[in-house]
Each structure stands twice: as structure tokens, then as C-alpha cells.
Visitor: 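Attaching a single structure in C-alpha cells format; questions to follow.
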Amino acid sequence: MKTRYIILPLLCICTAVAAQHSDKHNHNHGEDSTDVFFRHLNLNEVTVTGVTGETKLKHATAPVSIIAPQALRAASATNIVDAIAHQPGISQLTTGGSISKPIIRGLGYNRVVVMSEGVRQEGQQWGDEHGVEIDGSSVNSVEILKGPASLMYGSDAMAGVVILHPLAPLPEGEMRASVASEYQTNQGLFAYSLSTAGNQRGFVWDARFSNKMAHAYKNKYDGYVPGSQFRERAGRIRLGLSKPWGHTWLTGTVYHLTPGIIEGGRDALTGLLTHEDGWDGHNYSKTLPYQEIKHYKLVWDNTLNLPNGWLKAVVGYQQNRRQEYEEHHHHEHEAEEHEHEHEHEAEEHEHEHDGELEPALYFRLHTLTYDVRYLTREFDGWKLSAGVQGMWQQSQNLGEEFLIPAYRLFDVGLFATASKQLGQWTLNGGLRFDHRHVHGDALMEGDALRFADFSRNFSSVTGSVGAVWNVTDRLNLRLNVSRGYRAPNMSEMGSNGAHHGALRYEVGNQQLKPEYSLQGDLGVDFTSEYISAQVALFANRIANYIFLRGEGGEMDGTPVYRYTQGDARLLGFEAGVDVHPVHSLHFSNTFSYVDARLMNASADTKYLPCTPAPKWTSELKWELTHHRHSTIGHRHGAEASHRTLLDNLYVAAGLDCYLRQSHVYGADDTETATPGYALLRLSAGTDVQIKGRKVAELYVTADNLLNKAYQSHLSRLKYADVDTVTGRRGVYNMGRNITFKVVVPIAF
């Protein structure tokens, strides 16, 4: 097994990144940034979030992945995390098609910060089945920072940061609109998104409405999977001013997701999944049990241009509502409220669809965030920044069942960073101080104490230091050392209840200590006319790593798990190579591997849970037509472009190989080993032009083309009930799925 892990990356040299190097010719002709999807990313031109604000990718000391706009539009996915999960070092913890949680280098949950609209997304992310409440259609590009980023983002950014960038305001005098639609064959997913944006005399606006619905997905072992259907609706509007003195923007978003809950009940004769008499796998309607997730966000983003720098201030308010409606709660409620059951069935059914059924679990979370910082312009090779960030939260329990206490949280962080350019070297680093106060409220159920009243305070100093050596224009070496910090969340400290979605009774530990990590990153990247390659190595040591350990007993018929902690270490790498012997042909390979272990642990508890399997991806892509990059500005090129109906036409074949994952947390059957599998993918896309003007983008993708029955190691459905007919345990992932997508841009 170990030999295989060494040989594969040497053969592939992976992490390649057709998105991480670009032909100089593109910049010389002022090409649109979306064209990066068809070539390599120019390390000198792309800017990313660095310790002192925007930093050229060439000078970034820590590992960064960039996903360009057109790559996102071409992706076949059911949510925004699914769209980025193919990146090296990135995985997803899934519950069906609608719920995905990002995992960076083997760490997830509250160890990953998701940034959207300039603020950190806060939505009960401690839960196994709690996804990211963001409309993927509103995301223009994605930036992924790998490794501890507590210096710039505070507690919880121990694994890294996923930054979801919206469309930037348009240039002065422009107005645009777009219509996008998508259909997926496996689960009948239908989605559409309408948007409009403009900039008139510095007054900017950007509005979008999106809708998505899907019935149950299917695979060849389970048939249709009851509870995997979902509906999603979202809206976004931004209004503001962009002037020479700076900008002020006000952005509001609304997100509503209604996912089913997959229980895994089966027919005793056929072994197929069942739900209720008359249930139809093509039904888009919600059926008990299900969730209602609503997320509201308002962000005020300001920048003031000063003679020697910029003053930035971002204030955000979020409200997250998470409700769970359960079958057993429905029956109990019905028995209590109605004397004659059959007489009132129709009335209860009507109330259910009118939204009058009372939720069993109901969390409401209020979050206020603030970020004020000053960034200097470059002087003598120096760039400096300093600021203050913080967050206030209040979580309420409004349902009839309880899992975590109601709580209040307040934290504040102060930071300062510096960057220095010394010829071929870039040096950067900084320090940060954080303080967090958490108070959990007491709760009595009759004469029994469910949650005790308690308060905790956490403080920490974190920092990072890094260097990049631009050996040549084509070769860069990177080294970064960073200290991360994460305070325990309320679920880890205060849980005392049955988490039905996770099939566990969870008990918190109020004495938990904060997690501290020390990570080193070493990377090298090389780009040339015919090849680009990257290797990124990391070693991470985490003190007081928090995890759930089974106690062997049961409460209310559910296995009891208690939060505990111990020291852990993670080692791994991402590597890749992209070979392009001619400009239109690309053969890329990437490989990701992480080994995550608890120190001084027994044989069945020495591996950290939710460690992704080693992943190898390979793609061969042929760009059949692409005229703009080589002939813009020349008469002959313009004429050729006018004659071309299909521009940026490409076809591609890809193979995703997931190796066997036997490094599992095996105590109390928490995890089981997962066999390896390979998924074949075909895709094609093009721009449609009329008289040289783009009128549409078309994409077709066939995922799991051979209809492979498989279980992802990070699928929570892997641990559902055993099929008594075949002996297989759990629910399998989606079978063959073909996606059709069209995007119609409209320019005024």
C-alpha cells in the first residue's frame, strides 16, 4: 500500500493546474479573464488574498488554488462545494446531493472558514448534515487557501479558507444581464438563474434570482433513494457607489433549502430503498422527514482610498434558521392534538404542506461580524497592514427537541502583517491576538437538568512567516510556517441529545482545551511552454485535537458518543503535471494524499475520522477552436472570429480514481474501510457566436459514464442500514448523470 502511494505521484507528479499558468500572449492582447479556463493561469497576473491584501499568485507563500469563472460555469455539480471538490487537497463530506461540507487536507467542520460577500459564513456548521448555505450561481470565482489561516481569519481557520468571490462591479457605463439554465438526468435536477448588473456614473447594482429542484437520485444497487430530493431558492442584490475616493456597497442575500432526510429503510424482499406506499422516485415534493434551512445575510462593504493606503471596513449580519421535521414527531403531535386519528388525517396533511407542522428541532442563529483594517501602498518593497476583527453570536433553541444549549459568543482579534520584496525573494509574516467568550444557557426539562449554565474564555497568539524564491520566471520555491488556533464550539462543549441525522447520542465536554496547530508547507512550481508542474508538501501537528469517541453504551436506543481530545499529526502532499505538447491539447494529472493520525492511540483509534482517500485525477482535453487569444487586434483574426460559429470549443475525457481507504477510526464501528473505485467522465463545451458576438455558452458533461456503483469514503450514507437481501451496508452514491447547461449573456 505504501509503495503504491509513492509510485503514483512520481508517475503523475500531480496538481497541475490548468488554472495556474498562462501564456504570456494572453496578457499582451488583453484577453478576458474567463479565458483562463482554456489555458494556464499566469502567475504574474492573477491576484489572491495575501497577508497584506491582494498578492500575485507568484508571490504567495502558502498553497493557493484558483478556480476561474468559466471553469465554475462548466462544472457539473449539485452545490457550490461539490463544484470545487475536484481540486487537489479538497474533498467533501456529503449527505446526498444537496448537502456538502468542505474538507481541506483531511480537516473539516469548524476547522474550515468559508468566506462569502466579504464575511465568514456562519450557519451551524458543526453538524454532520449541515452544508454551506450559499447559492452556487452567485459565485463568480473561488480561491482556496490551504493550511492554517488564523492570522487573517481568526479561530476556526485551522485547515484553511474557501473564499467565494461574487462578480465584481462592472466598469463605468456598462450594463449586462444573463440567463442560465441546467438539467441533470439522474435526479431530474432543473435549475435556472437570472441576473442583471450595471454601473452608471459610479452607481453600481447587481441582482440575481436562482431556483433549483431535484427528485430522488438513483443508482443500480439502491434504485431511487428516498429523501434525496431537494429544492433550493436564492436571491441576491447589491447596491452602492464606486468612486475615485473608494466604494460603499450594501449586499443582501436570501437562501432557502429544503432537503429530504435519507433514512435508508429497505424492502425486505427486493432490498431496494422504500419510503411509503405510493412513493414515486420522480416526485419533487417534500416528504417527512425533511429539513427547512433559511439563511439571511446583509453586508456593508466600504473602502476609502487614502494618500498612502486604503482603509477597509466590512460589517455583516446573518440569521440562520434550521428546522427539522420528523415522522415520529408528526405522529406524536397528531396523537396529542386529535382525538379521532382518521378523521383528521387530511387536515394534518394540509397543515404539513402549509408549513404549519411544528418542527422537532429548530435552531436560530444570529451573527454579527466586523472587519476594519488599514493597508499601505507599496513603499521601498514593503507592504503593511493592521486591523481588528470580531464576531457576536446568539443561538436559540425554538423546537421541542434539544441537542446543544442556547448560547452567546463574543470574540475579538487584533493583527498586524508585513511583506517585503527583495529582488527575487518575497518575505511575509505577521502576528495576531484573539480572545473569545462563550456562555451556554441552562435548560431544565421537568425536574431534570438537560444543560448546565457555563461560561468559557479562550485566548491565543498566532502567527505565520513565509518566503517565496522566484528562481526564474518559470520556477518558484515556497516555504511557509504557520500556527493555527481553534476554540471548541458549543456542540463539542455542550451537546446532550440524540443527533438523529448522525445516528448518535452526543455528549459534550465543558473542559475541552483549544486546538493549536503548527504546520510547515514546502512547495515548488514550474511552468514552460509545454509543461507545468507543482508539488506541495505539508506537515501539521495539532495539540488537543477534538473528536468524538464511542462509549459503548446506548441512550434512548442510540449509541452514546462523547467529545474528547488528544494530539494529532497530519502529513501529506498534492502534486500534479499538465503536459501540452501543442497549445490546443492538454493532458493533466493530479494526486492528493493525507495521512492523519492520533498520537499514542490504540490500533483501532489511531487514524483521524473523515480522512479522505488518496485521489488521482486525470484529464485529456482538446480545444478544437480558440481564435480570440491569438488574433485579437489583427484584421485577419477578427475576420476569422466572425466566420466562426463555435468558439472555445473543447472536448475532454477524465478519470477520477479514489484508492482504497483503510486508515479509518474503527472503534465502535465509527468508520469502515472503503474499496477503491474509478469514475469515467466525458465533457464538451463551446461558445456560440453570431457575427463575432457571443450569444450563448453550452456545456454537456457525463459523470460516472459507466454507471459505477460506489460509496465515497466521506459519504455519511455509507453507514445506513444493511441490505438484508444482498448484505451490502449503506446507501450508494449517484449513478450515471448527464448534465446539460446553457448560459445566455445579454449586453446593453
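These values consider heavy atoms only, across backbone and side chains, with no hydrogens, waters or symmetry-generated copies. We count residues from 1, following the sequence as given. Small disclaimer: the values here were computed from a predicted structure and weren't measured.
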Visitor: If the test is side-chain hydrogen bond (donor to acceptor under 3.5 Å, both in side chains), which one of Asn283, Thr287, Thr258 qualifies with Gln229?
Guide: Thr287
Visitor: Taking the six-membered ring of Tyr658, is the NZ or CZ of Lys615 close enough (under 6.0 Å from the centre) and on axis enough (within 45°)?
Guide: no
Visitor: Give me the ring orientation class for Tyr221 and Tyr732: parallel if the planes are under 30° apart, tilted from 30 to 60°, perpendicular past 60°.
Guide: perpendicular
Visitor: Would you say that Glu292 contacts Leu257 through its side chain, given a criterion of any heavy-atom pair below 4.5 Å between the two side chains?
Guide: no
Visitor: Taking side-chain hydrogen bond (donor to acceptor under 3.5 Å, both in side chains) as the criterion, tell me which of Asn704, Thr701, Thr617, Asp656 meets it with Arg681.
Guide: Asp656
Visitor: Begin with the C-alpha distance, continue with both residues' side-chain angles, and end with the deciding distance and a verdict on side-chain hydrogen bond (donor to acceptor under 3.5 Å, both in side chains) for Thr527 and Ser532.
Guide: CA-CA 4 Å; Thr527 61; Ser532 62; over 6 Å; no
Visitor: Determine whether the aromatic ring centres of Tyr183 and Phe190 lie less than 6.0 Å apart.
Guide: no
Visitor: Under the ring pair (Phe, Tyr, Trp, His ring centres under 6.0 Å) test, which residues partner Tyr284, sequence neighbours left out?
Guide: His215
Visitor: Could you walk me through whether Thr253 and Asp135 pass the side chain to side chain contact (heavy atoms under 4.5 Å, CB included) test, one step at a time?
Guide: CA-CA 9 Å; Thr253 65; Asp135 171 27; over 6 Å; no
Visitor: Could you go through Arg105 and Glu574, starting from their C-alpha distance and side-chain angles, then the distance that decides it, and tell me whether this counts as salt bridge (Lys or Arg N to Asp or Glu O under 4.0 Å)?
Guide: CA-CA 9 Å; Arg105 291 177 164 179; Glu574 300 96 40; 2.9 Å; yes
Visitor: Heavy-atom distance under 4.5 Å between the side chains of Phe230 and Lys212, does that happen here?
Guide: yes
Visitor: May I ask you to decide if Tyr217's main-chain N or O and Ser228's side chain share a donor-acceptor pair within less than 3.5 Å?
Guide: yes
Visitor: Output yes when a side-chain donor or acceptor of Ser715 lies under 3.5 Å from a complementary backbone atom of Ser712, and no otherwise.
Guide: no
Visitor: Would you please test Asp82 and Gln92 for side-chain hydrogen bond (donor to acceptor under 3.5 Å, both in side chains) and show each step?
Guide: CA-CA 7 Å; Asp82 187 28; Gln92 57 177 328; 2.8 Å; yes
Visitor: When you measure from the side chain of Asn186 to the backbone N and O of Arg736, does any donor-acceptor pair fall under 3.5 Å?
Guide: yes
